[in-house]
Amino acid sequence: MVGAGIVGLAHAWHAVRAGLSVTVVERDECAVGASVRNFGHVCTTAQGGDVLPVAQEAREFWLHLGRDAGLDVRRDGTVLVARTAAEQAVLDEFAEERGEAVRPLTAEQAAGLLGLSPVGAVGGLHLVDDLRVDAPAALPVIAAHLRGLGVRFLWRTAVLDVVDGLVTTTRGPVRAGRVVLAVGHDVDRFFPDAADAHGLLRCRLRMLEVDAPGGAAVRPALLTGTSMLRYDGLSAQPSAAAVREEVRASRPELLDQVVNLMLTQRPDGRLVVGDTHHYGVTEDPFEDERSDALVLSEASRLLGADLVVRRRWRGVYASAPAPFLVAQPRDGVTVVSVTSGIGMTTALGLAKRVLDQTLVPA
Ligand SMILES: Cc1cc2nc3c(=O)[nH]c(=O)nc-3n(C[C@H](O)[C@H](O)[C@H](O)COP(=O)(O)OP(=O)(O)OC[C@H]3O[C@@H](n4cnc5c(N)ncnc54)[C@H](O)[C@@H]3O)c2cc1C
C-alpha cells in the first residue's frame with residue numbers, strides 16, 4: 001500500500017485479514033493528510049445512490065475495527081437541524097424515504113440530543129446510524145493495530161514509481177505482487193492521464209477549532225441547511241432546490257465559498273467547525289480571510305454565542321465528478337482515491353470491494 005491515510009490503512013486492514021503479506025509505505029513520519037484533518041464524521045445516512053451501500057458496509061467495518069483496535073467509535077449519530085420551512089421540508093421528505101434510519105425531532109428534542117440549542121431551529125432529524133471518531137487519534141491507533149496484525153510500515157519513505165512489481169522508494173526498492181496507490185489527491189503525481197480522465201481536482205477546505213459555548217457536551221455531529229446541498233441523499237430530495245434558492249437569495253456568499261456549516265466535538269470538548277470548499281488542479285497557496293470569517297460568523301449565529309478560535313487549518317482532498325476513482329493504469333497497480341470528500345465514511349467499505357474485485361486471487 002502506498003499512503004497511510006484512511007484509504008491506505010483500510011486496504012491494509014482488509015488485505016492482512018485476507019491472509020496477504022502487507023507493507024505500507026508512507027512519505028511522512030505519520031499520517032498528516034486529509035485523514036487527520038477532517039471532522040471524523042462517518043456520515044452514513046445522508047449518502048445516496050451507489051455510495052449508500054458502500055457507506056453502510058463501511059459503518060459495520062468501523063464498529064468491527066473499533067472493537068479490535070480499541071478505538072473509540074462514537075455511536076451518537078448526527079442531528080440535522082432545519083431553520084427554515086424549506087429545510088424542514090427536506091427533512092420530512094428524507095424521513096419519508098429512509099424510515100427507521102432517521103428519527104424526526106422537534107426543535108426542543110434536537111436541542112436535548114445536542115446539548116445546546118441551535119438558534120432559529122424549527123425542527124430536526126436524528127440520523128441514528130452515523131458514527132464519529134477523533135481522526136487525529138484514530139489513525140495512529142489503526143496503524144498500531146495493523147502493526148500488531150503483522151503489517152510492515154515504512155515511514156518517511158516516499159514512493160517514486162511502480163513498474164512491474166518493483167516499487168522504487170527514496171529508501172530503495174520494495175518488491176510487491178500487487179500495489180494499491182492510496183495517495184489521496186496526489187494521483188496526478190504518478191498517473192496524470194488517469195487523474196485527467198477522471199476529472200480529478202484538489203479541493204481545499206478551511207477548518208476551525210473553537211471552545212464549546214458554555215462547555216456544552218455535543219455528542220452527535222451537527223449538520224445544517226447547507227449540508228442539505230452537499231450530501232447526495234439530502235440534495236436529491238425535491239425541496240433541496242428551494243433550500244438552494246433560499247440560500248442564494250439570503251446568503252449568496254455561502255454558495256460562493258461552498259460552505260457546509262457543520263461541527264463535531266473533540267474528546268477535549270472543543271468543537272471542530274467548518275467548512276469551505278475551493279477547487280483547482282493545483283491548490284491555491286493563499287488563504288482568503290473571508291473564508292474563516294464567514295464560517296466563524298455562521299457558527300456564532302447558529303450557536304448564539306461569540307466563539308473563541310483555538311486552532312485553524314487547511315485540508316485538501318481529491319474531488320471529481322464520480323465519488324470514487326479506482327483505476328489500474330499498469331499491471332499490478334490499483335489506484336484508489338475517494339473523490340467526494342467522504343473517505344472517512346466510505347474507505348473501509350470501498351477497500352473491501354476493491355480487494356475483492358482486483359487483488360485477492362479467486
Ligand atoms: C477538512 C476535511 C474535512 C473532511 N471531513 C470528512 C468527514 O467528516 N467525513 C468523511 O467521511 N470524510 C471527510 N473528509 C474526507 C476524508 O478526510 C478523505 O476522503 C480521506 O481522508 C482521504 O483519505 P486518503 O487516505 O485517500 O488521503 P490522505 O489522508 O491524504 O492520505 C494520503 C497519504 O498518502 C501519502 N502519500 C502521498 N504521496 C506519497 C508518496 N509518493 N509516497 C508515500 N506516501 C505518499 C500522504 O503522505 C498521505 O499520508 C474531509 C476531508 C477534509 C480535508
Side-chain angles (χ1 to χ4, degrees), residues 1-12 23-44 46-47 51 54-55 58-59 62 78 130-136 138-139 142-143 153-162 167-171 174 179-191 200 202-209 221-223 227 230-231 260 262-264 272-278 283 295 312-320 323-325 335-351:
M1 308 301 156
V2 183
I6 190 62
V7 174
L9 296 188
H11 284 82
T23 298
V24 176
V25 187
E26 165 59 50
R27 69 182 172 196
D28 278 303
E29 65 178 333
C30 59
V32 291
S35 302
V36 300
R37 300 180 189 213
N38 57 54
F39 294 96
H41 183 212
V42 181
C43 183
T44 312
Q47 307 307 323
V51 174
V54 180
R59 175 186 189 275
W62 267 117
T78 298
D130 288 8
L131 306 174
R132 202 164 49 74
V133 295
D134 185 45
L139 268 281
I142 298 170
F153 280 85
L154 302 178
W155 300 103
R156 292 181 58 225
T157 305
V159 170
L160 304 172
D161 204 358
V162 187
V167 181
T168 306
T169 83
T170 46
R171 294 181 192 274
V174 178
V179 176
V180 173
L181 196 87
V183 294
H185 52 270
D186 282 342
V187 173
D188 58 354
R189 305 273 196 254
F190 290 86
F191 299 110
L200 191 102
R202 288 176 172 77
C203 176
R204 66 183 168 87
L205 303 85
R206 291 296 296 171
M207 302 284 278
L208 304 172
E209 200 172 277
L222 169 57
L223 298 184
S227 314
R230 189 138 200 97
Y231 300 105
N260 173 19
M262 63 172 288
L263 62 84
T264 56
V272 178
V273 177
D275 50 9
T276 53
H277 302 77
H278 292 94
E283 58 178 288
V295 170
R312 301 167 191 254
W313 65 96
R314 163 188 289 206
V316 180
Y317 64 64
S319 175
F324 307 122
L325 186 165
V335 177
V336 185
S337 182
V338 176
T339 48
S340 42
I342 49 171
M344 297 299 279
T345 305
T346 57
L348 286 166
L350 177 64

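Ligands are counted one by one from 1 in listed order, and the atoms in each one are counted from 1 as well. Because the structure is predicted, anything quoted here is derived from the model rather than measured.
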(message) Minimum heavy-atom separation for Leu139 and Ala4, please, with both atom names.
(response) CD1-O, 3.7 Å
(request) For residues Thr44 and Thr345, report the shortest heavy-atom separation together with the two atoms involved. (result) N-CG2, 3.8 Å
(message) Can you list every protein residue that has a heavy atom under 4.0 Å from any atom of ligand 1, sorted by chain and residue number?
(response) Val2, Gly3, Gly5, Ile6, Val7, Val25, Glu26, Arg27, Asp28, Gly33, Ala34, Ser35, Arg37, Asn38, Phe39, Gly40, His41, Thr157, Ala158, Val159, Ala182, Val183, Gly184, Phe190, Leu205, Met207, Gly315, Val316, Tyr317, Gly341, Ile342, Gly343, Met344, Thr345
(message) Could you work out, with salt bridge (Lys or Arg N to Asp or Glu O under 4.0 Å) as the rule, every residue matching Arg206, not counting sequence neighbours?
(response) Glu287, Asp292
(message) Testing the basics here: between Ala12 and Val24, what is the closest heavy-atom pair and its distance to 0.1 Å?
(response) CB-CG2, 3.9 Å
(request) Flag the pair Arg202 and Asp186 as a salt bridge only when some basic side-chain nitrogen lies within less than 4.0 angstrom of an acidic carboxylate oxygen. (result) yes
(message) To check you understand the geometry: which heavy-atom pair defines the closest contact between Ala135 and Met344, and what is its length?
(response) CB-CE, 4.0 Å
